[in-house]
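What follows is a short report on a single structure.
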Amino acid sequence: METLTYKRGEPIICPSLLSADFTNLERDIKKVEEKTKILHLDIMDGHFVPNISFGPLVVSAVNKITNMILDVHLMVENPGDWVAPFHQAGADILVIHLETTPHAQRVLADIRQRGMRAGIALTPQTPVSMLDYLYDDLDLILLMTVNPGFGGQQYIPAMTEKIRVLRERIDDTEKPILLQVDGGIDETTAPIVAGAGADLLVAGSAVFGHDDPADQIERLLGAARLGTGQKA
Ligand code: DX5
Ligand code: ZN
């Protein structure tokens with residue numbers, strides 16, 4: 001299995017399987033696994049978000065064919081009920097939405113206790129201050145830069161300031177918490193979000209919506225590096 005090491009200022013592109021060809025998942029995963037180490041998997045329940053995607057069965061199948069780090073983004077109600085099934089399926093990072101539970105700390109602690117990395121996601125409308133008492137229990141924060149539910153949506157410009165604010169707060173904690181962004185990331189928005197302080201950039205349609213997903217990862221990485229002031 002890949003290990004997750006991260007150096008500040010060196011963004012990682014996380015391809016989202018949601019935009020892959022579901023009749024050829026293995027082929028599409030093989031196309032990206034040489035270029036990056038994190039695979040993003042979107043789980044939607046048709047309640048929290050107005051769409052249904054896939055569940056632990058597919059995550060488990062993916063786990064059998066790749067060594068990539070499986071980053072599972074739960075967009076489901078009652079996330080606490082799904083910690084054990086997705087752990088069994090092979091999730092390495094398990095991300096829950098703050099909006100789906102009044103007991104986030106309990107669920108995050110459960111995720112970590114099982115040996116996974118714990119993440120929390122915020123929809124665009126949820127203020128960063130909602131995380132104020134959760135930093136001790138977090139390995140990753142996912143800021144949604146579109147309203148969750150679908151691939152291929154447009155980046156919401158107001159999220160750039162939100163990324164900056166969260167970056168400062170994370171830095172103030174001096175904890176190694178990763179800042180991930182998800183939704184509408186392409187060659188135009190990648191430098192903006194990376195420049196604002198995002199570490200991990202999820203990209204679905206910008207990777208799998210093109211003929212050469214591996215080349216797209218290189219392009220997105222180059223764009224993100226420009227945003228952080230590095231050479232592409
Ligand atoms: C949306 C999902 C995203 C989605 C992103 O609810 O959380 O991960 O796959 O797709 P793009 O990159 O196409 O906006
Ligand atoms: Zn996602």
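Counting starts at 1 for both ligands and their atoms, in listed order.
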> Salt bridge between Asp28 and Lys31, side-chain N to carboxylate O under 4.0 Å?
Replying inline: yes

>> For a distance under 2.8 Å, give residue and atom name for each protein N, O or S atom next to the Zn ion (ligand 2).
In response: His40 NE2, Asp42 OD1, His73 ND1, Asp182 OD2

Would you say the side chains of [X] and [Y] form a donor-acceptor pair under 3.5 Å?
X	Y	result
Asp71	His73	no
Asn67	Glu33	no
Thr101	Asn78	no
Thr160	Tyr155	yes
Thr123	Gln125	no

> For Asp137, which residues count as a side chain to side chain donor-acceptor pair (under 3.5 Å) partner, sequence neighbours excluded?
Replying inline: Gln105

> Considering only heavy atoms, which protein residues lie less than 4.0 Å from any atom of ligand 1?
Replying inline: Ser16, Leu18, His40, Asp42, Met44, His73, Met75, Met144, Pro148, Gly149, Phe150, Gly151, Gly152, Asp182, Gly183, Gly184, Val202, Ala203, Gly204, Ser205

> Does Asp212 have any salt bridge (charged side-chain N to carboxylate O under 4.0 Å, His left out) partners at least two apart in sequence or in another chain, and if so, which?
Replying inline: none

> Could you go step by step and tell me if Glu34 and Ile217 meet the side-chain contact (heavy atoms from CB on, under 4.5 Å) rule?
Replying inline: CA-CA 10 Å; Glu34 297 303 318; Ile217 291 178; over 6 Å; no

